[in-house]
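Below, all heavy atoms of this structure are taken into account, side chains as well, without hydrogens, waters or symmetry copies. Residue numbers start from 1 in every chain, and the chains themselves are labelled A, B, ... in the order their sequence lines are given, proteins ahead of strands.
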There are 4 protein chains.
Amino acid sequence: MAAGQRRGADTKAEIRRVAIELFTERGYEATSLREIAERLGITKAALYYHYSSKESIVLSIFQAHLDALDELVTWAREQPPSPELRARAVDRMIDLSVGSGMAAMKFAMANQHVVRELHPGKGERESMFGKLTELFDILTGPDAPIEETLRVRSALLSVNIVLMAARGLDASETAITTVARDIAHTLINTKNP
Amino acid sequence: MAAGQRRGADTKAEIRRVAIELFTERGYEATSLREIAERLGITKAALYYHYSSKESIVLSIFQAHLDALDELVTWAREQPPSPELRARAVDRMIDLSVGSGMAAMKFAMANQHVVRELHPGKGERESMFGKLTELFDILTGPDAPIEETLRVRSALLSVNIVLMAARGLDASETAITTVARDIAHTLINTKNP
Amino acid sequence: MAAGQRRGADTKAEIRRVAIELFTERGYEATSLREIAERLGITKAALYYHYSSKESIVLSIFQAHLDALDELVTWAREQPPSPELRARAVDRMIDLSVGSGMAAMKFAMANQHVVRELHPGKGERESMFGKLTELFDILTGPDAPIEETLRVRSALLSVNIVLMAARGLDASETAITTVARDIAHTLINTKNP
Amino acid sequence: MAAGQRRGADTKAEIRRVAIELFTERGYEATSLREIAERLGITKAALYYHYSSKESIVLSIFQAHLDALDELVTWAREQPPSPELRARAVDRMIDLSVGSGMAAMKFAMANQHVVRELHPGKGERESMFGKLTELFDILTGPDAPIEETLRVRSALLSVNIVLMAARGLDASETAITTVARDIAHTLINTKNP
DNA sequence: GATGAATGAGTATTCATTCAT
DNA sequence: TATGAATGAATACTCATTCAT
């Protein structure tokens with residue numbers, strides 16, 4: 001009984017925090033809004049006061065990451081094709097995963113099909129995978145040998161693999177990105193044997 | 001009239017085929033048994049004739065992969081610690097992903113939390129992640145520097161990253177495993193700079 | 001800062017106007033207070049400053065109409081039974097539907113079950129249908145043949161049918177009441193063939 | 001506990017029966033599927049086994065009526081414009097309201113906005129109001145005086161008014177249609193005074 | 001080897017309403 | 001005169017599962 005503004009803290013941010021945690025741990029569909037609400041000690045209806053849908057929570061988690069990726073793609077598109085472009089792109093890609101980007105990254109890996117269907121803006125190209133693909137294509141032309149293509153793409157995804165490797169290991173964020181950077185640079189500098 | 005034995009083909013296998021496809025594309029929870037049944041032109045109840053639960057379908061998809069991993073771990077455990085152990089383990093790991101193993105692999109990546117909770121046998125150690133962790137630990141002792149640990153683990157997971165890189169690219173299985181092998185060996189042979 | 005007294009116009013009347021419009025078009029239950037508030041550019045809570053409940057909005061729309069009907073019934077009750085009573089009652093009934101009465105009428109037709117449950121005063125007799133029934137009974141005694149009863153009642157409801165007929169036709173209020181009056185008088189002057 | 005086919009009777013028809021009753025009495029939105037299920041002694045999920053949505057229940061109630069109206073319109077469209085066309089159309093219109101048509105009619109009056117949004121087939125013209133309008137237009141050309149138009153339309157709707165008049169009166173279906181027919185014919189034969 | 005009919009527990013979402021500010 | 005933040009109860013709908021036939 002009795003409604004009104006009870007919690008002083010930023011409820012919206014709290015929701016995001018708990019949601020990303022549960023979505024990542026147990027999966028998006030396997031996490032119900034009831035669970036999120038319960039864990040926060042609020043009602044489901046309160047969630048809806050702050051977010052208009054389950055999907056909109058995900059979007060709010062992802063928007064910053066998506067924008068950053070966008071900026072990276074735009075930047076890459078404008079670079080003249082040079083031997084160092086790959087190296088710099090790879091570095092910037094890894095930079096996306098620091099701080100809050102890391103959480104977004106983990107969420108994305110744990111919920112690939114959700115991310116795949118997440119078109120925050122208007123069209124197709126707006127999706128995460130659309131943007132990644134564009135970046136891939138900028139760094140390896142269409143007639144590069146498949147092995148090279150795969151290696152360069154893998155370099156850009158190096159954080160992902162290290163993140164998987166780090167599960168259960170409590171490695172610091174620094175350790176993770178350091179190794180990822182290392183791997184990435186190794187990959188783009190290796191020629192096929 | 002005369003219901004029963006309609007489809008001569010192996011219905012059980014058909015179910016598995018469709019299920020793995022949908023589970024991988026749209027996610028385990030996001031795929032309902034109704035969808036699987038509809039796509040096969042049978043009823044939900046018929047699914048239950050062949051499989052006792054949704055989870056048991058997943059298990060049937062995974063069992064072979066799990067057994068193979070088990071065998072690999074057992075083998076590794078018995079090897080004397082030698083410099084080539086890592087190389088041979090990495091190769092065997094990649095061998096797990098050929099043929100039907102590849103589908104299992106993809107499913108696992110798309111549904112990590114499902115796999116994490118899948119204990120076909122009795123205890124904790126029986127889970128996929130439990131086994132992987134054991135393998136990890138065999139190849140890098142507990143006092144290896146974190147960077148080395150991460151790199152070796154990443155090597156063992158190289159197929160995963162190449163699989164992610166290959167999305168939308170129609171690379172052949174051979175191309176994928178070749179690159180994965182390449183990456184893996186590069187990783188275990190690189191010393192920290 | 002400085003919240004409060006923003007809209008000079010009569011907010012209460014504005015609410016009533018929008019509410020009756022939406023209630024009539026989309027139905028009472030199908031119209032949420034959120035929609036009304038949004039269309040007015042105010043908050044739901046503001047609605048509650050002006051009206052104590054959703055039902056009370058309806059009541060405020062209806063009260064005048066109900067009072068007028070009340071007066072008509074009281075008047076009819078006191079008339080000596082004469083051959084012209086029906087004619088005059090029918091005319092007064094149609095007079096109820098001019099001006100703001102027309103909107104109330106349309107609302108009532110579109111939301112019959114809401115009106116049926118609307119007892120602004122105390123008892124049963126206070127409801128719109130209770131009052132109408134009383135009027136019906138005054139004009140046709142209990143032993144009139146059913147056909148006559150139906151015809152007289154229909155005469156009293158003639159505006160309703162013309163209103164239904166006029167949908168999508170932009171007929172003037174005058175045209176509508178003229179035809180209704182016409183029909184009503186025809187009905188009470190026709191004997192069963 | 002224990003599922004399976006418990007009720008011998010035609011559950012689908014039972015659902016329709018109870019639904020139309022409640023929808024008409026209390027309104028479509030004001031009637032929940034829970035209420036319908038409870039009154040039938042089944043679960044909500046059982047409703048969904050038989051009908052795919054709340055709307056589809058309404059459609060199943062309405063389809064026959066809609067088809068009959070369609071046939072009437074088609075017939076009217078093909079008739080040569082003759083003085084008797086109106087009379088015959090009006091009669092056929094009233095015929096639509098006998099038997100199960102009467103229930104559909106009552107439902108339609110009590111839930112006008114639901115019916116208005118019910119497009120069972122493809123386009124706009126498929127809606128109940130679209131069809132009615134077409135019939136209206138066939139019987140009164142576009143340049144008929146508004147009074148005549150209203151009167152003819154009212155004639156076609158005569159059952160509706162008598163139905164409203166009959167509320168609380170337990171008049172037989174025959175009495176209702178007889179009076180409606182009477183009124184209708186009176187209306188189309190009256191010239192403006 | 002399969003189906004038709006059902007269930008119980010759950011899901012995301014919406015609504016009218018409240019109240020401290 | 002209003003609003004921001006919340007609630008409790010409901011809603012339509014879906015899902016994995018069951019079992020008699």
Can you list, by residue number, the residues of residues 45-58 of chain C that have a non-hydrogen atom closer than 4.0 angstrom to DNA chain F?
C:A45, C:A46, C:Y49, C:H50

5'-most contact on DNA chain F (nearest-nucleotide basis), D:R34 vs B:E29, goes to D:R34

Please work out the stems of DNA chain E from pairs that are Watson-Crick or G-U wobble with both distances under 3.5 Å, keeping only runs of three or more consecutive pairs.
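Ordered by first number, the stems with DNA chain E (at least 3 consecutive pairs each) read E:2-21 with F:2-21.
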
Under the side-chain contact (heavy atoms from CB on, under 4.5 Å) test, residues paired with [X] that sit two or more places apart:
X     : answer
B:A64 : none
B:Y51 : B:K12, B:I15, B:R16, B:S56, B:I57, B:S60
D:T43 : D:A45, D:A46
D:E21 : D:R17, D:E25, D:R39

I want to check one thing: is the phosphate of [N], taken as OP1 and OP2, less than 4.0 Å away from some side-chain N or O of [X]?
X     : N      : value
A:T11 : F:dA5  : no
B:S32 : F:dT14 : no
D:T43 : E:dG8  : no

Contacts of A:H113 meeting side-chain hydrogen bond (donor to acceptor under 3.5 Å, both in side chains) (sequence neighbours excluded), chain-then-number -> A:E29

Distance, rounded to the nearest Å, where [X] contributes [atom1] and [N] contributes [atom2]:
X     : N      : atom1 : atom2 : result
C:I36 : E:dT17 : CD1   : C1'   : 14 Å
B:I42 : E:dG1  : CD1   : P     : 13 Å
D:E35 : F:dA10 : CD    : C1'   : 11 Å
B:E14 : E:dG1  : CD    : P     : 14 Å
A:L40 : F:dT7  : CG    : C1'   : 15 Å

List for me each residue that meets salt bridge (charged side-chain N to carboxylate O under 4.0 Å, His left out) alongside C:E38, sequence neighbours excluded, and say none if there are none.
C:R34

For A:R26, salt bridge (charged side-chain N to carboxylate O under 4.0 Å, His left out) partners two or more places apart:
A:E35

Looking at DNA chain E, which of residues 17-27 of chain C put a heavy atom within less than 4.0 Å of it?
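Within residues 17-27 of chain C, no residue comes under 4.0 Å of DNA chain E.
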
List, one per line, each side-chain donor-acceptor pair under 3.5 Å for residues 105-112 of chain C, sequence neighbours excluded.
unit_1: C:N111; atom_1: OD1; unit_2: C:Y28; atom_2: N; d: 2.8
unit_1: C:N111; atom_1: ND2; unit_2: C:F23; atom_2: O; d: 3.1
unit_1: C:N111; atom_1: ND2; unit_2: C:F107; atom_2: O; d: 3.2
unit_1: C:Q112; atom_1: NE2; unit_2: C:M109; atom_2: O; d: 3.4
unit_1: C:Q112; atom_1: NE2; unit_2: D:M109; atom_2: O; d: 3.3

How long is the span from the CG atom in C:L33 to the CG atom in C:L47, to the nearest 0.5 Å?
6.0 Å

Working to the nearest 0.5 angstrom, can you tell me the gap between B:I36 CD1 and B:E14 CD?
12.5 Å

Sequence neighbours left out, what pairs pass salt bridge (Lys or Arg N to Asp or Glu O under 4.0 Å) with at least one residue falling in residues 40-62 of chain C?
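Counting only pairs at least two positions apart or across chains, no salt bridge (Lys or Arg N to Asp or Glu O under 4.0 Å) contact touches residues 40-62 of chain C.
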
Nearest-nucleotide 5' precedence on DNA chain E, A:L33 against C:K44:
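Its nucleotide being nearer the 5' end, the pick is A:L33.
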
